[in-house]
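Heads up, the thing below is written out as structure tokens.
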2 protein chains.
Amino acid sequence: MSAIRVLLADDQALVRGALAALLSMEPDLDVVVEVGRGDEVVAAAREHRPDVALLDVEMPGLDGLSAARDLVAARLGCRILMVTTFGRPGYLKQAMSAGASGFVVKDTPAKQLADAVRRVHQGLRVVDPALAADSLTQGDSPLTERETDVLRAARDGGTVADVARELFLSEGTVRNHLSSAIGKTGARTRAEAVRVAVENGWLPPS
Amino acid sequence: MSAIRVLLADDQALVRGALAALLSMEPDLDVVVEVGRGDEVVAAAREHRPDVALLDVEMPGLDGLSAARDLVAARLGCRILMVTTFGRPGYLKQAMSAGASGFVVKDTPAKQLADAVRRVHQGLRVVDPALAADSLTQGDSPLTERETDVLRAARDGGTVADVARELFLSEGTVRNHLSSAIGKTGARTRAEAVRVAVENGWLPPS
DNA sequence: ACCCGGGCATGACACTTGTCATGCGCCGGG
DNA sequence: CCCGGCGCATGACAAGTGTCATGCCCGGGT
């Protein structure tokens, strides 16, 4: 049986190269293409036909979760293993519903990565157990779409007026949504609500 | 001449292992020890006597900058190459004044890492040129020590009252420091000031 | 047909925040 | 020596924020 063809997507060139070095030490794995942006994943996959795609969640252009969705939609028979720095409970759920077969965080031992790739290639699911537990406990985002929008717009420290202008809403409405988001997150200020939402993966960071 | 002995410190096991794989492909480099926490660096160095220490800035236990300071203080004749995810201008300055010989960000090409290690080992300085330029433009933190304290305490979304309690200050004083920090950062709200300060490396993240 | 939840809005209220003036004590440089 | 910057504080004011009640419109369930 021929080597497993791997696509590698991570925005940090150093990490990407290092992962390539790590995987290329395994004789049955073959890194056939590397990309540094989420929006290059599908094209690269179409060209190089990998068996497994290793996708980082945090990437410029298009985040890894959306890239995973697109990759599944492209129907290239390529299985997906998400890799991420942050063990946000929400990410796991989103990744799985996006069609990923596996999810590992960047502080799992290096030895296990190759194995995870092999497992995913065999059609098995690979999930960090601790994270899976969190994810079950956690449940979905309690925020409505609009609340999420408002919270995201307020993320960088803008005032109510800024948010209202950005979303074409009245200031009062923005305050209502914020208030409701603050309530649902158990926070006491807007900033705290943002922090909680980001930590749970209900809101994209940065 | 014998191989260059390298110490590797990074909190993410996967990245650490991958970097080790990358470096071990070079015949003249030898990764003699890996650690995952900043406070294990000095002890590991004492035991394994590396020629070059590769330190991540973001680490639990003790951040990479402090670890670098300690390592220099230990006088083990070990040169330091900082590696970081974030190209915060402030980090470079702090790293250099901590006694590091080099500073690379994680999106430099993987090929260059081994070279950087060799350069540092030879006593040369290695600095990302783009970052160096930023650092010069940027200048030091305009914030006083107290302003930094207050901003840090307000980072996670606490109220003025919370900060005042935490720092044993009057609420009015906290507001004054915050106001001054907001002015100096060119921000318009506390949250924005925090964001600006973190992005410039004037305030540690998370 | 009915009700309920979400989105949107207004208006009002209490509270928090940001700003400013002012004052005091301390320290270090011209 | 005196001045300026910093830390700390108070008090007051304006602006921004969080909460609540209330209302309207819509779409999806029972």
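All values reported here derive from a predicted model rather than from experimental measurement. Naming convention: chains lettered A, B, ... in sequence-line order (proteins, then strands); numbering from 1 in each chain.
Between V52(B) and R5(B) the shortest side-chain heavy-atom distance does not fall below 4.5 Å.
Between the P atom of dC6(D) and the CG atom of L143(B) lies a distance of 11 Å, rounded to the nearest Å. Between L178(B) atom CG and dC20(C) atom P there is a gap of 15 Å when expressed in whole angstrom units. Going from atom CD of E171(A) over to atom P of dT19(D) covers 17 Å, rounded to whole Å. If you measure from atom CZ of R188(A) to atom C1' of dT17(D), you get 14 Å, rounded to the nearest angstrom. One interatomic measurement links the two molecules: CD of E145(A) to C1' of dC8(C), which rounds to 14 Å at whole-angstrom precision. The interatomic distance linking D162(B) (CG) with dT16(C) (P) rounds to 11 Å, in whole Å. The separation between K184(A) atom NZ and dT19(D) atom C1' is 16 Å, rounded to whole Å. Taking atom CG of D149(B) as the reference point, atom P of dG7(D) lies 9 Å away to the nearest angstrom.
For dT10(C), one of the phosphate oxygens OP1 or OP2 lies less than 4.0 angstrom from a side-chain nitrogen or oxygen of S170(A). Applying the 4.0 Å criterion to OP1 and OP2 of dC8(D), one finds that R146(B) has a side-chain N or O inside that range. R190(A) has a side-chain polar atom (N or O) that falls below the 4.0 Å cut-off from OP1 or OP2 of dT17(D). Contact annotation: T189(A) does not reach the phosphate of dG18(D) (side-chain N/O to OP1 or OP2, under 4.0 Å). Between T159(A) and dG16(D), a side-chain N or O to OP1/OP2 separation shorter than 4.0 Å is absent. For T173(B), a side-chain nitrogen or oxygen approaches OP1 or OP2 of dA9(D) to under 4.0 Å.
Position along DNA chain D of the nearest nucleotide to G158(A) versus R175(B) favours R175(B) as the more 5'-ward residue. DNA chain D is contacted by both I182(A) and L169(B); L169(B) maps to the nucleotide lying nearer its 5′ end (nearest heavy atom per residue).
Under the 4.0 Å criterion applied to side-chain N and carboxylate O atoms, K106(B) and D10(B) are assigned as salt-bridge partners. Of the charged side-chain nitrogens involved, at least one lies within less than 4.0 Å of a carboxylate oxygen, so that R188(A) and D162(B) count as a salt-bridged pair. Between K184(A) and E147(A) there is a salt bridge, with a side-chain nitrogen of the basic residue lying less than 4.0 Å from a carboxylate oxygen of the acidic one.
In the set dG18(C), dA21(C), dT10(C), dT10(C) carries the atom at the smallest distance from any side-chain atom of N176(A). Proximity note for H177(B) (side chain, C-beta onward) versus dG7(D), dG7(C), dG18(C): the nearest is dG7(D).
A side-chain donor from one of D63(A) and S66(A) sits under 3.5 Å from a side-chain acceptor of the other.
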